[in-house]
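Let me begin by presenting the structure, written as structure tokens, before commenting on it.
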Amino acid sequence: MAIENVDNLTITTQINGRDVDRWSTADLQRSAAELLSALSEFATLTPGDVILLGTPQARVALKPGDHVRVLADGFPRAGKPDYR
């Protein structure tokens, strides 16, 4: 799967299946390409690696046992979460 423009993706953070934050990579101070370039100066990336390019806009509190998912438009959702 190819993503045409990583500089305009909607990122959603979920806690226990509930959306708690939504933002766009268009809001980043530096583009995804600039961040990837800086990271690759000191890290070797391999297929399947995941890079988080930002932080949530809203501050959220986590408790032990919470399940956190970070979703990006255009990327497949891995597995079905089990929120017990």
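Side-chain heavy atoms closer than 4.5 Å link hydrophobic residues (I, L, V, M, F, W, Y) into clusters, and following such links, possibly through other members, connects V6 to L35. The cluster map of Ile, Leu, Val, Met, Phe, Trp and Tyr, joined by side-chain heavy atoms under 4.5 Å apart, puts L71 and W23 in different clusters.
Atoms NZ and CD1, from K63 and I15 in turn, are 8.0 Å apart once rounded to the nearest 0.5 Å.
With sequence neighbours excluded, the residues forming a side-chain contact (heavy atoms from CB on, under 4.5 Å) with A26 are N8, S24, listed by chain and number. Every residue meeting the side-chain contact (heavy atoms from CB on, under 4.5 Å) condition with L45, not counting sequence neighbours, appears here in chain and number order: L36, L39, D49, I51. Applying the side-chain contact (heavy atoms from CB on, under 4.5 Å) test to D19 and every residue at least two apart in sequence or in another chain returns T12, Q14, R22.
Checked options D73, N5, I11; the residue passing with T25 is I11 (criterion: side-chain contact (heavy atoms from CB on, under 4.5 Å)).
Nearest heavy-atom pair across S31 and D7 is CB-OD1, 3.6 Å.
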